[in-house]
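The first residue of the sequence shown is numbered 1, and numbering continues consecutively from there.
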Amino acid sequence: MDIVKDFVEEIMAQPTAPTIVKQVQDRLEEERLKRIAFYELIHEDIKAEFVNGEVFYQSPVVKMHTDGTAGLFNLLHNYVNEHDLGFVGIEKVMITLPRNDYEPDICFFTNEKSQHFTKKTMHYPVPDFVAEVLSKSSKRMIEHDTKTKYLDYEQHGVSEYWIIDPEEETVEQFLLRDGNYELILKASEGNIRSHAVEGFVIPIRAIFDKKENRKALRAILG
């Protein structure tokens, strides 16, 4: 949260602080109205996000993006179900934060949160775990995943964030510590152990390689 405190101090040091705050309030009110319109527009067949006052429609992705998302979801979903740990969402689960609405590639909610979900739940709270798979065909979407979403997830308490690069076949693992993300792993080989999903440990190669994925799934299912 240091970045927020520093920014507030920078504004308060300006003689025009009241004017700046008023302009921000006006812009946020404009965003609020746009967000209401966004909610009226979207439906189950549309994949879109509301980010800092703009609507971003998700374009089709290349196969390696789909394969990376499916590889991790297959393992995480089965592990969470096997141990009754909560709920795992994929792609079309919209999480609603104070300013923005995202549809992460993969997200996980503990039982404490997911017990309140119903069959008609459409807007979800802050997840405990998020994984985003980079789409290198879109520079703007990479910036969303590595900058905008990174800061939003960090500031609103997503305790673990994975950024998956399907082209390089690497995973970056960030953990929330004292309000800030700390990179604890960036690798393409070896095991990765989740801290938000108790006991979930998989080979990184299992995200990208079907043979390794099947082997890891057999281990999960015993």
Could you tell me if the side chain of E132 sits less than 4.5 Å from the side chain of Y161, heavy atoms only? yes
Side-chain touch R99/Q155, heavy atoms, less than 4.5 angstrom: no
Atom CD of E198 with >12 non-hydrogen neighbours under 6.0 angstrom: no
Check: L97 and V126 side chains under 4.5 Å, non-hydrogen atoms: yes
Drop me the distance from E103's CD to I95's CD1, to the nearest 0.5 angstrom. 10.0 Å
Is the closest side-chain heavy-atom distance between I184 and R177 below 4.5 Å? yes
With a 4.5 Å cut-off on side-chain heavy atoms, are F208 and S188 touching? no
Check whether more than 12 heavy atoms from other residues, nucleotides or ligands sit under 6.0 Å from atom NZ of K92, and answer yes or no. yes
Any non-hydrogen side-chain atom of N180 less than 4.5 Å from a side-chain atom of E154? yes
To the nearest 0.5 Å, what is the distance between CG (N52) and CG (D152)? 7.5 Å
Which atom names give the shortest non-hydrogen contact between F117 and P125, and what distance separates them? CE2-CD, 3.6 Å
Output yes when a side-chain donor or acceptor of Q173 lies under 3.5 Å from a complementary backbone atom of R193, and no otherwise. yes
For residues F200 and F108, establish whether the separation of their ring centroids is below 6.0 Å. no
Interatomic distance, CG@L134 vs CG@D165, rounded to 0.5 Å, equals 5.0 Å
Basic-acidic side-chain contact under 4.0 Å: D101, R35: yes
Report yes or no: does H65 contribute a side-chain atom to a donor-acceptor pair with the main-chain N or O of P166 at less than 3.5 Å? no
Interatomic spacing from CG in N111 to CG in L85 - rounded to 0.5 Å: 7.0 Å
Step through the shown structure and confirm whether more than 12 heavy atoms of other residues, nucleotides or ligands are within 6.0 Å of CD on E182. yes
Can you get from I90 to I163 by hopping between Ile, Leu, Val, Met, Phe, Trp and Tyr side chains that sit under 4.5 Å apart? no
Smallest separation among heavy atoms of A206 and A216, with atom names: CB-CB, 3.9 Å
Going by an N to O cut-off under 4.0 Å, is there a salt bridge joining E54 and K34? no
Nearest heavy-atom contact between C107 and V93 is SG-CG1, 3.9 Å
Going by heavy atoms in the side chains, are T19 and Q23 under 4.5 Å from each other? yes
Rounded to the nearest 0.5 Å, what's the gap from CG on L176 to CG on D128? Could you check? 11.0 Å
Which side chain to side chain donor-acceptor pair (under 3.5 Å) pairs, counting each pair once, include a residue from residues 69-81, with sequence neighbours left out? N74-N78, N74-N213, H77-N81
Less than 4.5 Å apart, side chain to side chain, heavy atoms only: is that true for M94 and M122? no
Could you check F174, F129, F73 and say which one makes a ring pair (Phe, Tyr, Trp, His ring centres under 6.0 Å) with W162? F129
Looking at K47 and E91, does any basic side-chain N land under 4.0 Å from a carboxylate oxygen? no
Identify the two heavy atoms, one from P127 and one from V130, that lie closest to each other, and give their separation to 0.1 Å. CG-CG2, 3.8 Å
Determine whether a donor-acceptor pair (N or O, by modelled atom type, separation under 3.5 Å) exists between the side chain of E212 and the backbone of R205. no
Does any donor atom in the side chain of E172 or Y181 lie under 3.5 Å from an acceptor atom in the other side chain? no
Search all heavy atoms of H116 against all heavy atoms of E112 and return the closest pair with its distance. CD2-O, 3.4 Å
Can you name the nearest heavy-atom pair linking Y39 to I42, along with the distance? O-CG1, 3.6 Å
